[in-house]
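Report on the following structure.
Side chains included, hydrogens not; waters and symmetry mates left out as well; all remaining heavy atoms used. Values in this document were obtained by computation on a predicted structure and should not be read as measured data.
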Amino acid sequence: MDNNIEIEYLTPNHYKKYELELLTIFNENFFKNGGMLYSDDFLINSDIIVIAKMNQSVVAYMAITFNIEKELDREHEIYIEEPEIKDSLVIKHLVVKKEYRCLNIATELIENLKEYSKQNKIKNLYLWTTPDNKVALKFYEKIGFYKMGDYRPANGSFQGLNNFYSIMMVYKVK
């Protein structure tokens with residue numbers, strides 16, 4: 001397998017070209033890797049989708065939004081530190097096709113995003129994952145993210161996450 005990874009940033013006007021590939025990756029890989037319960041509306045509600053291609057095929061993607069406040073759930077989340085809204089972004093999804101895992105594709109995507117963030121004066125990268133997703137937690141901590149909040153639905157009142165407990169993580173761009 002050729003390990004040349006090509007990374008491309010797509011704006012909403014350019015998602016359509018890759019829509020079928022992105023939805024296939026989402027449907028085949030997202031929930032099977034301990035992902036939180038988001039829907040495929042990431043194609044509508046993301047400001048940028050970063051794709052990783054190998055041999056002209058999309059093998060991974062990150063869905064990103066700059067609308068931090070919309071992603072926060074102040075009623076149910078407990079923050080160790082107050083999230084910074086200005087000059088920040090949220091990684092809504094980071095999904096790699098199963099057969100392409102362990103090839104450093106996720107690392108390449110995040111490192112590229114860190115560089116993009118420096119160039120665009122982004123100060124914070126936020127994301128959520130579940131405590132059951134040990135692989136993701138270990139990965140994010142290894143690349144410099146740390147826990148800054150918890151999500152606990154109150155008596156199951158927030159049905160959108162089907163009672164998932166999640167961890168909010170942040171990377172401070174240097």
Side-chain angles (χ1 to χ4, degrees), residues 1-30 32-36 38 40-68 70-71 83-130 133-148 166-174:
M1 190 179 305
D2 179 12
N3 284 351
N4 285 336
I5 302 167
E6 179 186 337
I7 295 176
E8 188 175 336
Y9 285 68
L10 305 173
T11 59
N13 297 339
H14 298 96
Y15 297 173
K16 209 69 165 155
K17 178 178 177 183
Y18 297 102
E19 183 174 10
L20 183 58
E21 287 177 281
L22 293 169
L23 288 173
T24 299
I25 293 169
F26 173 83
N27 289 323
E28 292 177 356
N29 299 277
F30 191 71
K32 293 174 178 64
N33 195 34
M36 289 175 53
Y38 278 112
D40 60 6
D41 70 351
F42 69 92
L43 288 171
I44 300 166
N45 295 323
S46 296
D47 297 305
I48 297 173
I49 294 188
V50 185
I51 60 172
K53 295 194 298 188
M54 294 178 74
N55 301 322
Q56 304 301 313
S57 179
V58 178
V59 297
Y61 75 87
M62 273 190 309
I64 296 169
T65 184
F66 295 108
N67 189 347
I68 308 306
K70 183 180 174 194
E71 298 297 319
E84 293 182 44
I85 305 303
K86 189 174 188 276
D87 302 321
S88 298
L89 60 78
V90 173
I91 301 169
K92 294 172 61 103
H93 294 186
L94 172 53
V95 187
V96 178
K97 281 184 170 182
K98 185 176 182 177
E99 61 270 26
Y100 289 91
R101 294 187 187 144
C102 299
L103 297 176
N104 293 319
I105 294 170
T107 302
E108 287 280 334
L109 282 167
I110 293 288
E111 292 304 321
N112 194 286
L113 183 61
K114 287 178 182 179
E115 192 56 42
Y116 169 90
S117 298
K118 286 178 193 174
Q119 292 170 5
N120 290 282
K121 298 180 175 38
I122 305 285
K123 295 179 186 172
N124 303 288
L125 310 179
Y126 294 104
L127 60 84
W128 285 260
T129 190
T130 64
N133 195 344
K134 304 287 186 211
V135 172
L137 283 170
K138 185 176 177 180
F139 167 72
Y140 290 127
E141 288 172 349
K142 180 180 173 184
I143 60 173
F145 282 80
Y146 65 90
K147 179 181 172 180
M148 71 157 293
S166 64
I167 295 172
M168 182 181 188
M169 301 185 83
V170 64
Y171 175 82
K172 301 286 186 181
V173 179
K174 297 160 182 76

Is the shortest side-chain heavy-atom distance between [X] and [Y] below 4.5 Å?
X: Ser46; Y: His93; value: no
X: Phe139; Y: Leu94; value: yes
X: Val50; Y: Ile64; value: yes
X: Gln119; Y: Glu115; value: yes
X: Leu89; Y: Ile48; value: no
X: Met169; Y: Glu141; value: yes

Which heavy atom in [X] sits nearest to a heavy atom in [Y], and how many Å separate them?
X: Val90; Y: Trp128; answer: CG1-CZ3, 3.5 Å
X: Tyr171; Y: Ile143; answer: CE1-O, 3.7 Å
X: Tyr100; Y: Ile105; answer: O-CD1, 3.5 Å
X: Lys118; Y: Val173; answer: CG-CG1, 3.6 Å

For atom [atom1] of [X], is the number of surrounding heavy atoms from other residues, nucleotides or ligands below 6.0 Å larger than 12?
X: Lys174; atom1: NZ; result: yes
X: Lys123; atom1: NZ; result: no
X: Lys172; atom1: NZ; result: yes

Q | Pairs flagged by salt bridge (Lys or Arg N to Asp or Glu O under 4.0 Å) wherever residues 48-67 is involved - sequence neighbours left out | A |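 Only Glu6-Lys53, Glu8-Lys53 qualify under salt bridge (Lys or Arg N to Asp or Glu O under 4.0 Å).
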Q | Listed partners of Glu21 passing side chain to side chain donor-acceptor pair (under 3.5 Å), at least two apart | A |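 Applying side chain to side chain donor-acceptor pair (under 3.5 Å) to Glu21 gives none.
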Q: Rounded to the nearest 0.5 Å, what's the gap from NZ on Lys16 to NE2 on His14? Could you check?
A: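 One finds 14.0 Å between NZ of Lys16 and NE2 of His14.
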Q.
Angle between ring planes, Tyr9 versus Tyr116, binned at 30° and 60°: parallel, tilted or perpendicular?
A.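 Answer is parallel, since the angle falls under 30°.
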Q. Would a distance-only check, ignoring hydrogens and angles, find a side-chain to backbone donor-acceptor pair under 3.5 Å from Tyr126 to Glu84?
A.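 Yes, the answer is positive, given that a donor and an acceptor are paired below the 3.5 Å cut-off.
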Q. Of the options Leu22, Val59, Ile25, which is the one that meets Val95 in a side chain to side chain contact (heavy atoms under 4.5 Å, CB included)?
A.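 That would be Ile25.
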